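Owing to the predicted nature of the structure, the values given are computational and were not obtained by experimental measurement.
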Amino acid sequence: MLACSALLLTTVTAARADLVSDWNALALTSMTTTEDPMVAHDLAILQASIYNAGQSIQGVYNPYGYGAYPAPDAGPAGADYQAAMIAAANTVMQSLYPGSSSNATSLYNAQLGAIADSQAKTDGINWGITVANNLLNWRATDGSAAAASTPYTPVGTVGYWQQTSAAGAMLPGWGSVGTFAIPGTGSYMGALPGGSVSTYLQSSQYAADYNQVKDLGSAFSLTRTSDQTNQAYFWAAGDGTVKMTGMWNQIAQTVAANAGLSVTDSARLLATLNVAMADASTAAMATSYDTQFWRPETAIANGDIDSNASTAVDSFWAPLIKSPSLPEYVSLGATISEAAAVVLASYLGDNVSFSLGSDINGDGSIDLTRNFTSFSQAAHEAAMSGVYGGTQFQTSVTDGQALGADVANYVLSNNFAVVPEPAGVVLVMLGGMFFLGSRRRR
């Protein structure tokens with residue numbers, strides 16, 4: 001009865017299910033110069049605000065709350081929840097991306113224009129603004145603003161990361177950013193095999209990882225297949241693109257539309273997705289700057305001094321894809337992708353077919369389209385693209401996938417649940433009264 005009731009409540013809102021994706025799409029166009037962890041962070045704020053504005057009025061799902069940010073109280077009785085969602089979205093975008101203010105204003109006016117003027121609409125707008133501002137105020141002190149300027153000096157010895165381009169270290173303080181759902185990053189951070197850089201370097205596992213990426217990830221590899229090359233380029237998500245976080249949001253928007261999700265369920269899906277990716281990113285970044293392991297291109301150029309007899313040096317080796325400007329372990333892309341796939345599969349089932357286009361050149365146009373038959377297939381491709389692109393070791397990929405899954409499962413188990421039906425509560429109470437009465441009659 002509970003599932004049927006939830007379905008009944010949410011399907012009646014299908015007419016404007018696109019309003020959530022419209023704001024997500026607008027946000028993605030504003031984030032092409034933003035790094036992956038920040039994209040996930042900002043989308044989590046946007047979608048959690050939209051979700052809370054709607055659910056504090058509708059009451060189909062439990063509103064989101066965490067730590068010092070309590071879930072919002074019930075919204076004004078009779079308020080229009082869609083007006084609240086629209087107002088919350090606009091408030092977040094105007095605050096986080098003022099450069100896109102005119103586009104946000106246009107979308108805001110267009111969406112509100114489809115709702116008849118009334119007290120319910122006015123109350124919804126005012127409530128949405130309040131909900132969004134409360135969440136923005138909470139996140140204003142989460143440490144994200146200082147993450148890029150946190151001082152960082154590479155260790156500079158064998159096995160430790162060295163910058164491979166003129167770009168500085170990417171968001172070196174991001175591992176200290178406050179989480180959205182998981183109770184801190186400590187219990188989610190990965191560790192190199194053997195627990196240290198030197199132990200991993202001397203292992204047969206490292207030798208296998210080294211020789212695999214040396215072979216498959218070279219710019220001039222003779223063994224990488226054309227399809228593996230396409231995978232590397234497709235998921236590279238470099239400068240000027242929506243990044244890997246954005247690609248998973250595009251997937252979510254596509255499958256939500258194909259499944260005919262209501263505005264309520266679309267909001268829940270995107271809020272869960274981005275909260276999971278945000279926390280997965282933070283845990284991955286904390287791990288990266290804790291372990292500080294070197295990238296394949298540095299490792300392969302120094303294979304003669306890593307204390308492993310099975311790693312031959314190649315001073316002319318270069319990766320197919322430009323190395324990200326942060327330590328190698330764990331793979332940020334694998335972590336993000338697995339977290340996303342676990343969330344999407346939890347809500348929609350894993351075996352969902354979809355297509356996705358990739359802007360490889362960062363010029364705003366689609367250069368390559370790939371077809372998928374499941375979320376897990378796409379996540380596996382995204383993770384392995386780092387090996388094929390020459391930027392990741394296999395161990396980093398595998399451990400990143402485990403980290404992402406752990407974070408996603410925690411988010412799913414502790415947030416965005418269906419509100420129990422009042423009728424169910426009444427039945428439980430009646431059952432208890434019957435039980436007590438039968439005991440008294442004995």
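- Side-chain N/O atoms of Y51 and T272 include no donor and acceptor closer than 3.5 Å.
- Side-chain contact annotation: S288 with E328, donor-acceptor N/O pair under 3.5 Å absent.
- The shortest distance between side-chain heavy atoms of V275 and Y66 does not fall below 4.5 Å.
- S21 places no side-chain N or O within 3.5 Å of a backbone atom of D18 that could act as its donor or acceptor partner.
- Rounding to the nearest 0.5 Å places CG of N415 at 11.0 Å from CD1 of I182.
- Residues T130 and P72 fail the side-chain proximity criterion, which asks for heavy atoms closer than 4.5 Å.
- Between G246 and V39, the shortest heavy-atom contact is N-CG1, 4.4 Å.
- At least one donor-acceptor pair closer than 3.5 Å links the side chain of T335 to the backbone N or O of G400.
- Defined by atom type and a distance below 3.5 Å, a donor-acceptor pair is missing between the side-chain atoms of N249 and Q253.
- A donor-acceptor contact closer than 3.5 angstrom is absent between the side chains of Q47 and W23.
- With Q55 contributing its side chain and V60 its backbone, the two residues share a donor-acceptor pair below 3.5 Å.
- Closest non-hydrogen pair, M277 versus I336, comes out as SD-CG2, 3.6 Å.
- With contacts defined as side-chain heavy-atom distances shorter than 4.5 Å, the pair L96/L136 qualifies.
- With values rounded to the nearest 0.5 angstrom, R139 atom CZ is found 14.0 Å from N134 atom CG.
- What you find for S56 and W127 is that their closest heavy atoms are OG-NE1, 2.7 Å.
- Annotation for D73: atom CG does not count as buried by contact number, only 12 or fewer foreign heavy atoms lying within 6.0 Å.
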Derivation of the side-chain contact (heavy atoms from CB on, under 4.5 Å) call for L269 and L344: CA-CA 7 Å; L269 178 68; L344 291 170; 3.7 Å; yes
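- A donor-acceptor pair is defined here as one N or O able to donate and one able to accept, closer than 3.5 Å; no such pair exists between the side chain of N90 and the backbone of I86.
- Here the straight-line distance linking atom OG1 of T32 with atom NZ of K243 works out to 6.5 Å at 0.5 Å rounding.
- Between the side chains of Q58 and T264, at least one donor N or O sits under 3.5 Å from an acceptor N or O.
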Candidate pair S196 and T199, rule side-chain hydrogen bond (donor to acceptor under 3.5 Å, both in side chains), full reasoning: CA-CA 5 Å; S196 70; T199 302; 2.8 Å; yes
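- Screening residues 182-192 for side-chain hydrogen bond (donor to acceptor under 3.5 Å, both in side chains) gives no qualifying pairs among residues at least two apart or on separate chains.
- When all heavy atoms are compared, the tightest approach of A120 to G78 is CB-O, 3.2 Å.
- Side-chain contact between F293 and V197: present, with at least one pair of heavy atoms (C-beta onward) separated by less than 4.5 Å.
- Using modelled atom types, one finds no donor on one side chain facing an acceptor on the other under 3.5 Å when comparing S331 with S396.
- The stretch residues 359-385 participates, sequence neighbours left out, in these salt bridge (charged side-chain N to carboxylate O under 4.0 Å, His left out) pairs: D227-R370, R370-E381.
- Without hydrogens or angle criteria, T179 side chain to A181 main chain gives no donor-acceptor distance under 3.5 Å.
- Between the D279 side chain and the F180 main chain, a donor and an acceptor come within less than 3.5 Å of each other.
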CA sep, side-chain torsions, deciding dist, call: F354, F372, ring pair (Phe, Tyr, Trp, His ring centres under 6.0 Å): CA-CA 5 Å; F354 58 91; F372 303 94; 5.3 Å; yes
side-chain contact (heavy atoms from CB on, under 4.5 Å) evaluation trace for Y97 with L26: CA-CA 10 Å; Y97 291 88; L26 174 64; over 6 Å; no
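- Rounding to the nearest 0.5 Å gives a distance of 11.0 Å between CD1 of I45 and CG of N274.
- Within the 3.5 Å criterion, the main-chain N or O of S262 finds a donor-acceptor partner in the side chain of S266.
- Here the closest non-hydrogen pair linking L348 and A259 is CD2-CB, 4.5 Å.
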Chi angles and distances behind the side-chain hydrogen bond (donor to acceptor under 3.5 Å, both in side chains) call for Q94, S101: CA-CA 6 Å; Q94 299 287 356; S101 176; 2.6 Å; yes
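- Salt-bridge check for R268 with D265: failed, with every basic side-chain N at 4.0 Å or more from each acidic carboxylate O.
- No donor-acceptor contact under 3.5 angstrom links the side chains of N351 and S374, judged on distance only.
- The closest side-chain heavy-atom distance from P296 to Y210 is not below 4.5 Å.
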Chi angles and distances behind the side-chain contact (heavy atoms from CB on, under 4.5 Å) call for M38, M31: CA-CA 9 Å; M38 181 66 84; M31 297 177 175; over 6 Å; no
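- Applying the salt bridge (charged side-chain N to carboxylate O under 4.0 Å, His left out) test to every pair with at least one member in residues 287-299, sequence neighbours left out, gives no pairs at all.
- Taking all atoms of both residues into account, the shortest heavy-atom contact from A146 to T150 is O-OG1, 3.0 Å.
- The backbone N or O of I129 sits nowhere less than 3.5 Å from a side-chain atom of T91 that would complete a donor-acceptor pair.
- At least one donor-acceptor pair under 3.5 Å links the side chain of T287 to the backbone N or O of G190.
- One side chain, W248 or S337, offers a donor N or O that lies under 3.5 Å from an acceptor on the other.
- In this structure, Y200 and S203 have side chains that are in contact, with non-hydrogen atoms separated by less than 4.5 Å.
- Atom OG of S355 is separated from atom CD1 of I251 by 10.5 Å, given to the nearest 0.5 angstrom.
- Using a 3.5 Å distance cut-off with no hydrogens or angles, the side chains of S281 and W174 do not pair a donor with an acceptor.
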Worked check of side-chain contact (heavy atoms from CB on, under 4.5 Å) between W161 and S323: CA-CA 11 Å; W161 180 65; S323 293; over 6 Å; no
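- By the neighbour-count criterion of 12 heavy atoms within 6.0 Å, atom CG of D239 is sparsely surrounded, having that number or fewer from other residues, nucleotides or ligands.
- If you run ring pair (Phe, Tyr, Trp, His ring centres under 6.0 Å) between Y206 and each of Y329, W294, F393, only F393 comes through.
- Within the 4.5 Å cutoff, the side chain of R224 has heavy atoms near those of the L320 side chain.
- Between Y64 and Y69 the shortest side-chain heavy-atom distance falls below 4.5 Å.
- Here the rule is side-chain contact (heavy atoms from CB on, under 4.5 Å) with E35, and of H41, M285, M170 only M170 fits it.
- Checking side-chain atoms of K121 against main-chain N and O of I115 turns up a donor-acceptor pair under 3.5 Å.
- Note that CG of N133 is 7.5 Å distant from OG of S95, once rounded to the nearest 0.5 Å.
- Checking D209 against T395 by side-chain atom types alone, a donor-acceptor pair falls below 3.5 Å.
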